[in-house]
Amino acid sequence: MKYGIVIVSHVSDIAIGVQRLIDQVAKDVSVTTAGGLENDGVGTSIERIQTAFEQNTGDELLAFYDLGSAKMNLEMAIEMSDKKVHLYDTALVESAYTAAALLQVNTSLEDVEKQINELKIK
Amino acid sequence: MKYGIVIVSHVSDIAIGVQRLIDQVAKDVSVTTAGGLENDGVGTSIERIQTAFEQNTGDELLAFYDLGSAKMNLEMAIEMSDKKVHLYDTALVESAYTAAALLQVNTSLEDVEKQINELKIK
Amino acid sequence: MTLDVEKTIKWMDDFNAEIQAQKGYLSELDTPIGDGDHGNNMARGMEAVHEALDGKEFNSVSDVLKTIAMSLISKVGGAAGPLYGTAFLEMSKTNSGDIKDLIPAGLAGIERRGNATEGEKTMVDVWKPAAEAVSAGKLTSKLIDESVEKTRDMQATKGRASYVGERSIGHIDPGSMSSGYLLKTLLKVGE
Amino acid sequence: MTLDVEKTIKWMDDFNAEIQAQKGYLSELDTPIGDGDHGNNMARGMEAVHEALDGKEFNSVSDVLKTIAMSLISKVGGAAGPLYGTAFLEMSKTNSGDIKDLIPAGLAGIERRGNATEGEKTMVDVWKPAAEAVSAGKLTSKLIDESVEKTRDMQATKGRASYVGERSIGHIDPGSMSSGYLLKTLLKVGE
Ligand SMILES: Nc1ncnc2c1ncn2[C@@H]1O[C@H](COP(=O)(O)OP(=O)(O)O)[C@@H](O)[C@H]1O
Ligand SMILES: Nc1ncnc2c1ncn2[C@@H]1O[C@H](COP(=O)(O)OP(=O)(O)O)[C@@H](O)[C@H]1O
Ligand SMILES: [Mg+2]
Ligand SMILES: [Mg+2]
Ligand SMILES: [Mg+2]
Ligand SMILES: [Mg+2]
């Protein structure tokens, strides 16, 4: 099973920045992002989330978000998606980093979740 | 007492993105950032942290960071700084957002800390 | 009261007009307890709804409701997008035009999507009493206005306003206000 | 062994040469358990040290040590920057050139800055046995090599390597390796 990571943020810079941070330690993990709105607006777009799901080469996805409204859009996108997507109510930057580092060394999803659940804050 | 917020991240996009996210809800709170290295490298720079301290118009600062090495640079900068800086081991994006929203409505530092301590994960 | 295709479109025209007129006020309500964009979000979303409906043919009320849902989901950009979007999707699934079916279905969608219940200072606090009243045949503009006003003294425990805790008290919830406009324009198309 | 200004500079020249030669290897060590930049970080830092020392006059060993600290603090960019930087700052504060004073002071700085203790698979695992051995007059290159090698079987609980938990076992800690180079070149300037 190949896992991928999806980062959803209200601000495109945050999403892209987290991707840069985790690419460093997880070169072989597919990471895609959905940040902000059209015209560089602040918000979350379900279409961008759907694109991030599609472009991710992982078979199953781990999704992280910043604020509650991003979660609602994520949940809608998950309901509409064919891929299995796991959604975590954990610290965005820190849990995405942890998950990426662990997936890079082929940790099982169960063990990854054990780690990131300690970062649950939402 | 006027409080300011400092965001320290290994990646400039993350620092700037968090600033954009919190500017939305905290127009009157001074937010400065120290992200990445020269030449857009990934890492943290004590000089950038010092500049973020200086440029912040807050009298006392609340500092948030992403990973442990950023914390070490923050601690060095704090030891060298004249300003009082509070350092939090909390979820970067979420606690900076919470602190900003609360400071905007003139919440006391004690009450802000009560809230963000629930986001302690490091 | 039962909607047909024409009335549903009229409802959206009226709601759109109200949103565009109150855009500044809604964003103002969202400023002390949120990020100040609710009016802009709704205005953007309702413009998309208008474009999606304008001059099109629809076979059923359900089709219109689904089209509205899709536009709101994709264009609002804030929490109100998935919330109103899910409300309209659930309304569409009832295959009914009767507001006794529609309002409770919309409420159920919002509650599920927002994981919210009454008393949390969200739009649920307008939809819930409206759903109860419509079932009893007692939904009025006055009741809607009162529910909106009641959100003023609540402390938010969901959404962005929850971040400021006690400081959210004393301000009307913006999503409740826009929900008030939505339900009042709905009542009006039945008059 | 006691350093003077000349020997301190010679130490840094040798360490710099070693770092530049082992840059690729250090980053390779940092790849499976970190972000693969330790060699580049140290190379960048030591270049800055070289520039700061080159052709300058210094009044005391302390002055040289402080200059080294400042260059490392501002140029390394990774965790190794504040760690080595604090080590050299603490060494500088001893106002001594005796390695019996310097190594324990450096260790204390690293422990404080990294909030780390022995057995966490960090450079402390090289500095700590070195500090103990130097106090007993028994510091050798062999002992240093052995401490570096011992980090291989440890599980990291500090720094980036701690994120991969058990998977950090089986790899030498990069900061321990570079600390080994530092301490061995220090021994060599005393020969
Ligand atoms: N979890 C939730 N459940 C129900 N309603 C919510 C929830 N979160 C937010 N809302 C509603 O959404 C409104 C804010 O919408 P909007 O400003 O468009 O979104 P955002 O907060 O993302 O900027 C609030 O006034 C509230 O009525
Ligand atoms: N908290 C700590 N205490 C002591 N040493 C540490 C700590 N964190 C990291 N290190 C050391 O720093 C080395 C990594 O340095 P480097 O790669 O330059 O930094 P980064 O991890 O920021 O990329 C590790 O191999 C370890 O020896
Ligand atoms: Mg808003
Ligand atoms: Mg918004
Ligand atoms: Mg590294
Ligand atoms: Mg690094």
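The sequence lines fix the lettering, A, B, ..., with proteins before strands; numbering per chain opens at 1.
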Can you list every donor-acceptor pair under 3.5 Å that links chain B to chain C?
from, atom 1, to, atom 2, distance (Å)
B:Y97, OH, C:R160, NH1, 2.7
B:V105, O, C:R167, NH1, 2.6

Where do B:L102 and C:V164 come nearest, in terms of heavy atoms and distance? CD2-CA, 3.8 Å
Above 12 or not: heavy atoms from other molecules or residues under 6.0 Å from NZ of B:K2? yes
